[in-house]
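Just so we're clear, the structure is a prediction, and the values are computed from it rather than from any experiment.
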Number of protein chains: 2
Amino acid sequence: MSAGAPTCSICNARETTGFNYGVLCCDACKMFFRRTLFVKNINSCHRLGECIRKCRSCRFQKCIQAGMVFTPTKNTLEPTNNDQLSAFLFNLAHQEELRKYQLVNCWYDGDPTIAEIAEQNAPIKFTKRPDGFPMNLGEWIFITGLTSLNYLKKFNHVNMLNASDRHFLLKYSFYEISIFTDSMRACERKEESITFPDGSDIISEAVPGLEMSFLNGIRCRLAARVNDLKMTKEEFLLLSAVFFCNPGFPGISKSGCDILSTYQKIYSSALLQYCLVTYQKAGPTRFTDLLAVFQVIIKMRQDLSYLSTFLSICGFAVTKKKLYNC
Amino acid sequence: MSAGAPTCSICNARETTGFNYGVLCCDACKMFFRRTLFVKNINSCHRLGECIRKCRSCRFQKCIQAGMVFTPTKNTLEPTNNDQLSAFLFNLAHQEELRKYQLVNCWYDGDPTIAEIAEQNAPIKFTKRPDGFPMNLGEWIFITGLTSLNYLKKFNHVNMLNASDRHFLLKYSFYEISIFTDSMRACERKEESITFPDGSDIISEAVPGLEMSFLNGIRCRLAARVNDLKMTKEEFLLLSAVFFCNPGFPGISKSGCDILSTYQKIYSSALLQYCLVTYQKAGPTRFTDLLAVFQVIIKMRQDLSYLSTFLSICGFAVTKKKLYNC
DNA sequence: AAAGAAGGTCACTAGGTCAT
DNA sequence: ATGACCTAGTGACCTTCTTT
């Protein structure tokens, strides 16, 4: 009797009805997630998703942790569809909050490859980082990359790609997204230079034979640009999404490119709408200013590649984690 | 036309508006029940539920008899939600008063099975026991079990279970709850040994070949533990509720277990809050001391099973009521 | 046409409000 | 204190859309 569908992993009460917003769950949790995104009537509760009680905040946290994602479909440029944009932003903001929480508090015991992460269609399972856990440069780089990957994996378009395209997309974008996020954090903390959450430098101490100006460029240039623009959190989230749909990454198939550009259009028109609503006539200029940040991200990425190669030749390789090798 | 809703069984005056706190009744009686739980402004009236008009006490009694139940939903550990806990306790205390009244004064003419009781979604209909009704051991055991079942059936979670799970839950818990209640009564009467309300022994007189220490263990061990702890009525009520949500009873489905553990969390956090408020720093210890009583209840249950089997082999079976057979 | 997922609808009930 | 009425969250069920 009652073979039925498996039990919904979010409410642990009802049977799943299929994939809803990217996650296998029940109809009730689907509607709950949707309503919450559109109405945003959530009071934050300190225990993150733990009071299985009738706590709306924790139920929503469980949705976010399970990877539920809302993606706008209707043309967000229609002013009437503004609530689609705002639901999308609400969704992204909570995903980003989770990423930040995991970066500061969590840990992952293992050394996965990008390919392994791309294969898994469940979110990465982090564990609480023990108090007094010794974080060094390599650990920070690792957890930064891993939390970024976990954030990126949830996007709708990732699940639509075939295994190979998904692998390439994550491989060629997670590093850029990480440094962009790092720069945004520096900006929020009113710091000129990128650091890790504990304040430590992102470049290893002893680097012989490299110009200080080059190293300071890595530390500061992108953060300075973000700061000059006074980039909002919403702009950051949308811009990351647009960047993450770059159809130009190497190795991606024709059909993959099509999917990526479809989504890139969605996200960039969402960004444009945000700019128009927020800056009125100055909206289009703002939009292009934001897109121009891509160049700075790519420049920083190149500098970091050079630095990494240089260090490794000198025998100073910082991390041997597979994330950054293959 | 004018089919309308049936008349409210509590006030016999208005039309029902649907299920409120588990009972089909009108809006006015719903609000009356809620207000009374939270304000507790009730003067007890000697005629139990009989003067329907204008008597608040009797109206509330009718609510209780009809099986209305309030279950805390907000996190009772929030100090601001203390009134939820107190409303819940007020509710339980009155349900328990009713059970006690029925045990002492009522009777049930029939021999129902657990399955039949589980199917009925109305409370069990007891009748007044005639003066001078001859109570023997078997009658006491029967009415004890039946009033316990009537008490338990009203809990919110029972109505959420499917028919099969409900049957198993009642089947495997009503006996334990009964002996726990019996022990509490002994304690209130300052007696070391469990007896029925008329003072008669719970073990049949002629039991050949069993050690006195074994029999006295059954009579006294649980009551002694309750007495040692100086368990309050509130602790007893909450602890019973926690026990009654044991997801480990045999035969219960996965979804049933989930429902039970959800409610067990609610009740146990209510108990914890009670302990914290009442005993301050000693609260957590008190909480675990109380939970440890489960072991004693289970031990007593086992001893009684053995006794029952033993007696039945000797041809001394005390009761042939179906409650205790199938 | 069949299946899977997004989105819409509505009956239901806990809890709040306010004139009496 | 009461009860008629209101509000909001919920989830079962339905429709629509897309893809194969």
Side-chain angles (χ1 to χ4, degrees), chain A residues 4-5 7-8 10-43 53-60 63 67-75 80-81 83-84 87-88 91 156 159-160 162 255 258-259 262 266, chain B residues 5 7-8 10-43 52-60 63 68-74 80-81 83-84 87-88 91 156 159-160 255 259 262 266:
Chain A
T7 303
C8 168
I10 290 165
C11 65
N12 274 316
R14 281 162 289 270
E15 287 187 351
T16 59
T17 60
F19 281 88
N20 298 302
Y21 300 104
V23 167
L24 194 64
C25 69
C26 72
D27 215 41
C29 287
K30 175 192 79 172
M31 284 310 294
F32 171 79
F33 180 69
R34 180 181 178 75
R35 271 194 304 266
T36 305
L37 286 186
F38 281 81
V39 186
K40 305 178 189 57
N41 48 355
I42 284 288
N43 302 330
R53 188 72 54 88
K54 303 271 178 184
C55 170
R56 307 187 66 254
S57 171
C58 287
R59 188 177 181 188
F60 185 66
C63 292
M68 289 183 87
V69 184
F70 169 81
T71 306
T73 50
K74 301 223 181 73
N75 189 345
T80 47
N81 290 328
D83 46 354
Q84 287 237 349
F88 180 49
N91 180 198
N156 220 324
N159 296 314
M160 303 193 63
N162 66 39
S255 66
D258 290 341
I259 292 169
T262 301
I266 292 174
Chain B
T7 303
C8 169
I10 290 165
C11 64
N12 275 314
R14 281 162 290 268
E15 287 188 349
T16 59
T17 61
F19 281 88
N20 298 301
Y21 300 103
V23 166
L24 194 63
C25 69
C26 72
D27 213 44
C29 288
K30 174 193 79 171
M31 285 311 294
F32 170 78
F33 180 69
R34 180 181 177 76
R35 271 196 302 268
T36 306
L37 286 186
F38 281 81
V39 184
K40 304 177 190 59
N41 48 355
I42 284 289
N43 301 329
I52 305 166
R53 272 283 134 198
K54 303 283 178 190
C55 171
R56 307 186 68 255
S57 172
C58 286
R59 188 178 183 188
F60 185 67
C63 292
M68 288 182 89
V69 184
F70 169 82
T71 306
T73 50
K74 302 224 182 73
T80 48
N81 290 328
D83 46 355
Q84 288 237 348
F88 179 50
N91 180 196
N156 219 326
N159 296 314
M160 303 193 62
S255 66
I259 292 168
T262 299
I266 291 175

| field | Proximity to the side chain of B/N20 - top-ranked nucleotide from D/dG9, C/dA14, C/dG15 | value | C/dA14

| Is any side-chain N or O of A/N41 closer than 4.0 Å to OP1 or OP2 of D/dA8? | no

| said: Tell me the closest heavy-atom pair linking B/F38 and B/D83, and the distance in Å. | reply: CE2-O, 3.7 Å

| said: As a quick check of understanding, evaluate side-chain contact (heavy atoms from CB on, under 4.5 Å) for A/F60 and A/N41, giving each step before the final call. | reply: CA-CA 11 Å; A/F60 185 66; A/N41 48 355; over 6 Å; no

| said: Heavy atoms only, 4.0 Å cut-off, all strands: where does B/R56 land among base, sugar-phosphate and nothing? | reply: sugar-phosphate

| message | It should be established whether A/R34 places a side-chain nitrogen or oxygen under 4.0 Å from OP1 or OP2 of nucleotide C/dG7. | response | yes

| Given C/dT13, D/dG3, C/dG15, which nucleotide is nearest the side-chain atoms of B/Q84? | C/dG15

| query | Are B/Q84 and B/T73 close enough that some pair of their side-chain heavy atoms sits under 4.5 Å apart? | reply | yes

| query | With side chains defined as the heavy atoms from C-beta onward, is the minimum distance between B/C26 and B/I10 less than 4.5 Å? | reply | no

| request: Using a 4.0 Å heavy-atom cut-off across all strands, classify A/F38 as base, sugar-phosphate, or nothing. | output: nothing

| said: Looking at D/dC5, I'd like to know if its phosphate oxygens (OP1 or OP2) sit under 4.0 Å from a side-chain N or O belonging to B/R14. | reply: no

| task | Check whether the side chain of B/R35 and the base of D/dG3 form a donor-acceptor pair under 3.5 Å. | result | yes

| query | Quick one: A/N156 CG to C/dG4 P, roughly how many Å, whole number? | reply | 18 Å

| query | When the distance from CG of A/L37 to C1' of D/dG9 is rounded to whole Å, what number comes out? | reply | 16 Å

| request: Please tell me if the side chains of B/S255 and A/T7 come closer than 4.5 Å, counting only heavy atoms from C-beta onward. | output: no

| Interatomic distance where CZ belongs to B/F19 and C1' belongs to C/dA11 [whole Å] | 14 Å

| query | Contacts to DNA chain C from residues 21-33 of chain A, heavy-atom cutoff under 4.0 Å, which residues? | reply | A/Y21, A/K30, A/M31

| task | Give a yes/no on whether any side-chain N or O of B/T73 is located under 4.0 angstrom from OP1 or OP2 of C/dG15. | result | yes

| query | For A/M160 and C/dA6, what is the distance between atoms CE and P respectively, to the nearest whole Å? | reply | 11 Å

| task | Give a yes or no answer on whether the side chain of A/N156 reaches the backbone of A/T71 with a donor-acceptor pair at less than 3.5 Å. | result | no

Could you pull out all donor-acceptor pairs under 3.5 Å where a side-chain atom in residues 27-36 of chain A meets a protein atom, sequence neighbours excluded?
residue	atom	partner	partner atom	Å
A/D27	OD1	A/K30	NZ	3.4
A/R34	NH1	A/Y21	OH	3.1
A/T36	OG1	A/F32	O	2.7

